[in-house]
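Just so it is clear, the values below take in all heavy atoms, side chains as well, and ignore hydrogens, waters and symmetry mates.
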Amino acid sequence: MDLPSTSSPSSLRTIAVVGLGTMGTGIAEVLARAGREVVGIDVSETAARRAVGALAAATARSVAKRRLTEQEREEVLARFRTSTELSAAADADLVIEVVPEDYDLKHRVFGELDAIVRPDTVLATGTNALSVTRLAAESLRPERVLGLHFFNPAPAMKLVEIVSSVLTSPPAVEAVTALARELGKEPVAVGDRPGFVADGLLFGYLNQAAAMYEAKYASREDIDAAMKLGCGLPMGPLALLDLVGVDTARTVLEAMYASSGDRLHAPAPILGHLVEAGLTGQKAGRGFYTYESPGSSVVVRDLQTPLDGSLLGAGRPVHSVGVAGSGTMASGIAQVFAQAGYPVVLAARSQEKAEAAKAAIGKSLDRAVSRGRLSEEAAAQTLSLVTPAGSLEAFAEVDLAVEAVAEDLEVKQQLFAGLDKVCKPGAVLATTTSSLPVIAVARATERPQDVIGMHFFNPAPAMKLVEVVRTVLTADDVHATVREVCGKVRKHAVDCGDRAGFIVNALLFPYLNNAVKMVEQHYASLDDIDAAMKLGGGYPMGPFELLDVVGLDVSLAIEKVLHREFRDPGLAPSPLLEHLVAAGCLGRKTGRGFREYARR
């Protein structure tokens, strides 16, 4: 059958939304506000009434904020009607199905719609895990079936993934794409595979976070704080799982694992345990966290809530700090301590390098003054607390020595052997490594009990997170000392064990690697993937933007460390990433990575 062209969004004027849960109600609101005639269909009269009430309340808020006039509000409300019968979709140009994520239910809805709607009606499923192709193949009109995946909350989220199967006709895709743009959304074209782009990347990351918590590697609060403060994410992964629904996440992951066979997609056992117990997240009042009531987002204390930090025990006194290194991280850490009032010895391989590192701190402070974040007096006082030195001998009296040299185990071990000889008994020795085993550094000294990891994030003066990494030999009072110092320098400390990637890198880099694999497999473009994660996941940067900023060589090195430690085939670095690094395309610093950049 030849299909009439539906490239103009005006051809999709009457739209039926089947399923009036949170997502269906939100989609109906978006459509009605955009001038479409909307039929909301749900077997539950209560759900239908609730959808009408939600639209009335949302438009009333818009009137109060002067985003709508009262007349415009009345017109929006008049364009929305509800029914409990699928037959109400008979005259629709487009039907969007958003019933619960159950294949048999969706298949039944599509089968009934086949007997009701016109031959030229486009049928869209809102699934984010089930096969669009399978739904299409079992329909009487497979060429007019596609996926239309909105993100929650639909009125606010800009991303819409438009999913084509091998059977979908181009005119149907064109019509829905044009409609999405008219709704003020950003459509991203993707193929049919579980999770599509945004959820395909997001749920693997959420699964690993759940497994990390299940292994008791870090507390739920520390995992969530690490990803918010270390990556700028709007929510931590475990809180997000509770918001999405633990049962929903498990369903998506099961579908992804069935398709990919990647162990990283195999649902963490804790997800199944929570689902079996009915602890599915916010909607149940309890999931990873406990909430005030079912449906509430207010977290309340429970047995897993950490005790007050004062119960850590007494730490060692810290009156002065030594920072070893001359690069950006070293000068940034020295600035952090000096701004908190600590006298700092900044030691480099030569007096000249140490002076240059102090000068870099001066420039950083000058920028803060010019932006009104710091007074000239405070900047001068901070700089006066930094003493440059050309050797580690200057660390003889410091109470805390922080290493921030090259990410090379042999270099760090040599430096710690030197610190062991120079620093006084009882001094705390900290490494800022982001990927190397802290215990291997500690064993280069005769006092491994005094060694701990303090992983600052770059730029240290701005980033609030510090990962505090205990080894099996780290003394309790050393841990307490570093936690106390983090508080005094206004950093948020999270505790984790001594294993590759700690919290942030162990969750971040597999996600970045999976994004590269999507491009490698020609599933989606760089731009579409970056847009999907920014618009659909609320990420401050898309994965390819971030990779080019971090440096492809740095990213590859961390991915190799993760793969070597965990031995999981899914963590093997993408060949595309390895090829780009071999070609010298390292990101912004070389002018070319995944994208090309103008030379300065």
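- At least one side-chain heavy atom of Val494 sits less than 4.5 Å from a side-chain heavy atom of Ile503.
- Applying the side chain to side chain donor-acceptor pair (under 3.5 Å) test to residues at least two apart or on different chains, the pairs with a partner in residues 506-520 are Glu520-Ser574.
- To the nearest 0.5 Å, atom CZ of residue Arg193 and atom CD of residue Gln521 are 5.0 Å apart.
- In this structure, a donor-acceptor pair under 3.5 Å is absent between the side chains of Asn505 and His455.
- Sorted by first and then second residue, the ring-ring contact (aromatic ring centres under 6.0 Å, His included) pairs with a member in residues 218-264 form an empty list; sequence neighbours excluded.
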Let me see the working for Arg592 and Tyr597 under side chain to side chain contact (heavy atoms under 4.5 Å, CB included), right down to the final yes or no.
CA-CA 6 Å; Arg592 183 177 175 187; Tyr597 302 90; 5.8 Å; no
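- Residues Val468 and Ala493 come closest through the heavy atom pair CG2-CB, 3.8 Å.
- Between the side chain of Thr125 and the backbone N or O of Gly147, no donor-acceptor pair lies under 3.5 Å.
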Starting from the C-alpha separation in whole Å, work towards a yes-or-no answer on side chain to side chain contact (heavy atoms under 4.5 Å, CB included) for Leu183 and Phe150.
CA-CA 12 Å; Leu183 297 176; Phe150 286 80; 4.3 Å; yes
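- Here the side chains of Ile162 and Val188 are not in contact, with every heavy-atom distance at 4.5 Å or above.
- Using a distance-only test at 3.5 Å, with no hydrogens or angles considered, a donor-acceptor pair links the side chain of Asp102 to the main chain of Leu105.
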Chi angles and distances behind the salt bridge (charged side-chain N to carboxylate O under 4.0 Å, His left out) call for Asp548, Lys589:
CA-CA 8 Å; Asp548 278 354; Lys589 59 190 175 187; over 6 Å; no
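- Remark: side-chain polar atoms of Gln335 are not paired, donor with acceptor, to backbone N or O of Ser364 under 3.5 angstrom.
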Before you tell me yes or no, could you show the steps for Asp222 and Cys496 under side chain to side chain contact (heavy atoms under 4.5 Å, CB included), namely the whole-Å CA-CA distance, both residues' side-chain angles and the distance that decides it to 0.1 Å?
CA-CA 8 Å; Asp222 280 355; Cys496 53; over 6 Å; no
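- Proximity of Leu148 to Val163: side-chain heavy atoms (C-beta onward) are nowhere separated by under 4.5 Å.
- Proximity of a side-chain donor or acceptor of Asp192 to a complementary backbone N or O of Val132 within less than 3.5 Å is detected.
- With sequence neighbours left out, Met157 forms a side chain to side chain contact (heavy atoms under 4.5 Å, CB included) with Phe151, Pro153.
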Evaluate Asp527 against Arg595 for salt bridge (charged side-chain N to carboxylate O under 4.0 Å, His left out), listing each step before the verdict.
CA-CA 10 Å; Asp527 292 342; Arg595 294 184 175 90; 2.8 Å; yes
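- Residue pairs that meet the salt bridge (charged side-chain N to carboxylate O under 4.0 Å, His left out) test with at least one member in residues 451-461, sequence neighbours left out, do not exist here.
- Looking only at distances, a side-chain donor or acceptor of Thr168 sits under 3.5 Å from a matching main-chain atom of Ser165.
- A donor-acceptor pair under 3.5 Å links the side-chain atoms of Arg470 to the main chain of Thr474, judged by distance alone.
- Salt-bridge formation is detected for the pair Lys412/Glu407: a Lys NZ or Arg NE/NH1/NH2 atom is positioned less than 4.0 Å from an Asp or Glu carboxylate oxygen.
- Glu403 places no side-chain N or O within donor-acceptor distance of the main-chain N or O of Ala430, the cut-off being under 3.5 Å.
- Inspection of the Gln282 and Ser297 side chains reveals no N or O donor paired with an N or O acceptor under 3.5 Å.
- One finds a salt bridge joining Arg220 and Asp302 here, because a Lys/Arg side-chain nitrogen approaches an Asp/Glu carboxylate oxygen to under 4.0 Å.
- Glu565 meets the side chain to side chain contact (heavy atoms under 4.5 Å, CB included) test with Arg499, Ala500; sequence neighbours excluded.
- Ser259 pairs by the side chain to side chain contact (heavy atoms under 4.5 Å, CB included) definition with Pro194, not counting sequence neighbours.
- Residue pairs meeting the side chain to side chain donor-acceptor pair (under 3.5 Å) criterion with at least one partner in residues 223-236, sequence neighbours excluded, are Asp224-Tyr289.
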Compile the donor-acceptor pairs under 3.5 Å between side chains in residues 264-271 and protein atoms, sequence neighbours left out, one pair per line.
unit_1	atom_1	unit_2	atom_2	d
His265	ND1	Ser260	OG	2.8

Decide yes or no on side chain to side chain contact (heavy atoms under 4.5 Å, CB included) for Glu559 and Arg564, but give the supporting numbers first.
CA-CA 8 Å; Glu559 288 176 12; Arg564 187 163 59 245; over 6 Å; no
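- Not one N or O on the side chain of Glu292 forms a donor-acceptor pair closer than 3.5 Å with the backbone of Val299.
- Side-chain contact between Leu241 and Leu238: present, with at least one pair of heavy atoms (C-beta onward) separated by less than 4.5 Å.
- Residues Thr471 and Val451 fail the side-chain proximity criterion, which asks for heavy atoms closer than 4.5 Å.
- Applying the side chain to side chain donor-acceptor pair (under 3.5 Å) test to every pair with at least one member in residues 237-250, sequence neighbours left out, gives these pairs: Asp242-Tyr291, Asp247-Lys283.
- Sorted by first and then second residue, the ring-ring contact (aromatic ring centres under 6.0 Å, His included) pairs involving residues 182-222 (not counting sequence neighbours) are His149-Phe196, Tyr213-Phe288.
- Across Ile529 and Met518, no two heavy atoms sit closer than the pair CD1-CB, 3.7 Å.
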Would Glu101 and Thr251 count as a side chain to side chain donor-acceptor pair (under 3.5 Å) here? Give the steps.
CA-CA 8 Å; Glu101 200 75 342; Thr251 298; over 6 Å; no
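- A donor-acceptor contact shorter than 3.5 Å links the side chain of Gln413 to the backbone of Ala440.
- Here Asp42 pairs with Leu20, Ser44, Ala47 under the side chain to side chain contact (heavy atoms under 4.5 Å, CB included) rule; sequence neighbours left out.
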Side-chain polar contacts of residues 532-545 - donor-acceptor pairs under 3.5 angstrom, sequence neighbours left out - could you list them?
unit_1	atom_1	unit_2	atom_2	d
Lys534	NZ	Glu545	OE1	3.1
Glu545	OE1	Gly542	N	2.8

